[in-house]
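Working notes for the structure below.
Every chain is numbered from 1, with letters handed out A, B, ... down the list of sequences.
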There are 2 protein chains.
Amino acid sequence: MVTIKDIATMANVSRSTVSRVLNNSGYVSEEARQRVEKVIEATGYVPSGYAKSLRTKQTKVIGVILPTIQTETPSRVVTGLGRELSKHGYQILLANTDHDKEKELEYLDLLVRQVDGIVLIATNTEPELTQKIKSMNLPFVMVGQEAENVICVTYDDYHVARDVTAFLVDKGHTQIGFIGVDETDQAVGCFRKKGFYDEMKSRDLSIEEAWVQKGVFDIDSGCKAMKKIIEDSKQRPTAIFAVTDRLAIGAMSYVKRIGMEIPKDIAIAGIGASELSQYVDPPLTTVDYKNETAGEEAAKQLLAFIQGEDYQKKIVLDYRLLSRDSV
Amino acid sequence: MVTIKDIATMANVSRSTVSRVLNNSGYVSEEARQRVEKVIEATGYVPSGYAKSLRTKQTKVIGVILPTIQTETPSRVVTGLGRELSKHGYQILLANTDHDKEKELEYLDLLVRQVDGIVLIATNTEPELTQKIKSMNLPFVMVGQEAENVICVTYDDYHVARDVTAFLVDKGHTQIGFIGVDETDQAVGCFRKKGFYDEMKSRDLSIEEAWVQKGVFDIDSGCKAMKKIIEDSKQRPTAIFAVTDRLAIGAMSYVKRIGMEIPKDIAIAGIGASELSQYVDPPLTTVDYKNETAGEEAAKQLLAFIQGEDYQKKIVLDYRLLSRDSV
DNA sequence: CTGTTAGCGCCTTCAA
DNA sequence: TTGAAGGCGCTAACAG
């Protein structure tokens with residue numbers, strides 16, 4: 001492996017000079033620079049990243065911890081992160097927890113000494129986690145969930161939920177069902193649910209117990225939740241608000257299977273603006289969350305923090321309701 | 001930052017001894033080991049990865065270069081890679097080229113000195129690329145495309161295409177259209193097309209020129225390609241074979257829009273077993289490529305190569321035709 | 001403008 | 001079973 005020393009010898013200068021042209025810092029005569037550059041070109045020399053890191057205490061790597069890369073939300077966020085980070089010469093070290101909370105903690109340990117900062121695409125806000133993060137005082141940004149004392153980039157889940165609900169009500173629905181997720185996920189589980197309840201209440205609409213069901217983050221569980229709603233309700237709802245597109249699509253597939261028509265017999269809305277949502281039949285009314293922007297913002301805040309510049313502690317992103325034929 | 005030296009001092013041993021317990025190599029008395037472990041526990045010490053790398057020439061990091069992380073194929077591969085790599089203490093450094101071939105080359109340079117090996121999820125096999133790869137002689141595996149003299153994990157695109165075509169023919173279709181992609185993508189562009197042509201020929205079926213169209217990797221272009229087929233054909237095909245699910249779904253959305261029924265008026269098949277494919281209406285006949293397995297295999301071969309064990313130069317994965325209602 | 005020097009934190013002989 | 005010493009490749013004062 002060719003090292004800075006070899007380059008120095010070959011170009012007839014000292015290692016410092018080579019280092020100077022590499023980082024173009026300090027003074028280097030045009031003549032020396034050219035000689036060095038020629039040798040670098042000829043040898044295809046690339047400096048060793050870890051030797052550099054050892055010296056500078058900077059790795060130019062950001063750790064990204066996420067629950068899965070197979071769904072659109074995290075992969076869009078990663079795309080946004082990557083785009084912004086690479087602009088500044090940073091790279092991404094990927095840590096996929098596969099929805100395993102244990103691994104979340106483990107990865108934190110694993111990453112702490114190899115990265116300049118961490119982005120967590122979060123699905124929960126358990127104190128164990130936030131505690132640990134604070135304890136290692138490493139630049140840190142959380143995406144998708146709010147937490148005290150950490151930089152976070154979130155969506156306005158509460159108002160989104162109110163808006164979607166209001167949208168359904170405005171379309172004439174008074175009996176609205178809800179498919180949510182477990183409340184350990186604060187953003188998706190609590191805030192969206194609260195938004196739904198609050199809006200219903202403000203409209204003086206009541207909610208039958210069986211109208212509210214819970215699923216996990218996949219299509220199949222949306223299907224099951226819908227089944228339960230249909231089977232257990234005294235009076236069937238005329239509209240369903242599902243907190244994710246996949247749940248909504250699961251619900252759609254169930255009601256279609258039992259011969260109901262959408263939106264005539266039942267209207268359905270989701271959240272997420274997944275690609276799927278435009279191609280199911282009928283196209284699903286949903287909310288665009290701009291996940292790539294979230295990734296970019298997260299990167300910006302993290303880099304600002306790392307570089308000691310001004311950063312915002314909390315960013316709440318904009319959203320857009322996409323009204324389509326399912327309502 | 002606490003270093004190995006601090007631990008040594010606190011545990012009243014030399015740095016070497018600490019290093020020995022850290023890597024459990026060489027002899028360490030039980031007594032010394034316990035003292036060291038206690039101090040490590042107490043301080044929460046984690047060794048510096050880059051200092052270690054500098055010494056050992058191993059980073060325990062694998063670079064993964066991919067065109068995008070937003071579609072299912074690459075994200076599934078990455079999941080498989082991650083699963084296998086993490087078992088062996090390796091991590092993933094992600095390089096998203098955003099379909100930019102220039103960046104592919106750049107990333108190669110960027111990564112070469114920071115990783116122990118590279119996995120490329122390839123969309124082309126241009127000599128510039130393979131040349132460069134060979135020139136840097138770094139452990140390397142290519143996923144999805146074949147190339148000479150590099151380890152690769154591929155799918156059997158040619159036979160898949162023949163099988164799908166045969167399946168359509170067996171269902172009674174004799175006029176079959178084809179939506180492909182550009183042939184710079186050898187696997188998807190050439191092999192699948194060749195499989196289609198060869199099977200048609202072996203069945204003595206002719207193909208009208210307008211039946212064969214080309215798109216890019218998105219739904220919209222499938223839609224456009226389908227439009228062209230419908231508008232330009234003298235005789236409309238009764239079945240369409242699209243080389244990816246998204247193209248197929250685009251085609252579906254077009255034919256539905258003009259009032260044709262699937263599969264009554266026209267049958268459609270794709271490749272990829274995307275999640276979308278099961279929830280479009282009707283569910284799409286497609287081929288499951290087992291991308292996660294591809295990722296796992298790629299990781300296994302790469303690690304075997306790195307560790308000087310036996311590896312296979314070429315792995316061709318199995319597939320499964322999923323017959324659904326669109327045919 | 002350039003070279004010398006001194007580590008960064010770790011592992012690995014080598015000798016004890 | 002342990003410690004001393006050297007060096008991985010690089011940068012950053014500091015002195016010329």
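Within the 4.0 Å cut-off from OP1 or OP2 of C:dT2, at least one side-chain nitrogen or oxygen of A:S29 is found. Using a 4.0 Å cut-off, some side-chain N or O of B:T17 falls inside it from OP1 or OP2 of D:dG3. Within the 4.0 Å cut-off from OP1 or OP2 of D:dG9, at least one side-chain nitrogen or oxygen of B:K57 is found. Between A:S48 and D:dG9, a side-chain N or O to OP1/OP2 separation shorter than 4.0 Å is absent. Between B:K5 and the phosphate of C:dG9, there is no side-chain N or O to OP1/OP2 separation shorter than 4.0 Å. Taking side-chain N and O atoms only, B:Y45 has a distance below 4.0 Å to OP1 or OP2 of C:dC10.
Rounded to an integer number of Å, the gap from B:R35 CZ to D:dG3 C1' is 13 Å. For B:N24 and D:dT1, the CG to P distance is 14 Å, given to the nearest whole Å. If you measure from atom CD of A:Q114 to atom C1' of C:dG9, you get 14 Å, rounded to the nearest angstrom. Rounded to an integer number of Å, the gap from CZ of B:R20 to P of C:dC14 is 14 Å. Taking atom CG of residue B:N12 and atom P of nucleotide D:dT2, one finds them 12 Å apart after rounding to whole Å. D:dA12 atom C1' lies 14 Å from atom CG of A:L54, rounded to whole Å. Note: CG (A:N23) to P (D:dA13) measures 13 Å, nearest angstrom. When rounded to the nearest whole Å, the span between CD1 of A:I4 and C1' of D:dG9 equals 8 Å.
Residue A:T3 is in sugar-phosphate contact alone, with no base atom involved, counting any heavy-atom pair closer than 4.0 Å across all strands shown.
Across the interface with DNA chain D, nearest-nucleotide mapping of B:R113 and B:V13 shows B:V13 to be the residue nearer the 5′ end. Heavy-atom distances to DNA chain D give each of B:R33 and B:A51 a nearest nucleotide, and the one nearer the 5′ end belongs to B:R33.
Under the 4.0 Å criterion applied to side-chain N and carboxylate O atoms, A:D318 and A:K290 are assigned as salt-bridge partners. Using a 4.0 Å cut-off between a side-chain N of Lys or Arg and a carboxylate O of Asp or Glu, A:R33 and A:E37 qualify as a salt bridge. The residues A:K57 and A:D116 are annotated as not salt-bridged, no charged nitrogen and carboxylate oxygen being separated by less than 4.0 angstrom.
The base of D:dG9 is not paired with the side chain of B:R55 by any donor and acceptor separated by under 3.5 Å. B:S19 contributes no side-chain N or O that forms a donor-acceptor pair with the base of C:dT12 under 3.5 Å.
A distance-only check finds no donor-acceptor pair linking the side chain of A:E84 to the backbone of A:G80 [under 3.5 Å].
Enclosure of atom NZ in B:K38 is not indicated, since only 12 or fewer non-hydrogen atoms of other residues, nucleotides or ligands lie within 6.0 angstrom.
Comparing D:dA12, C:dA6, C:dG9 by their closest approach to the side chain of A:S16 singles out D:dA12.
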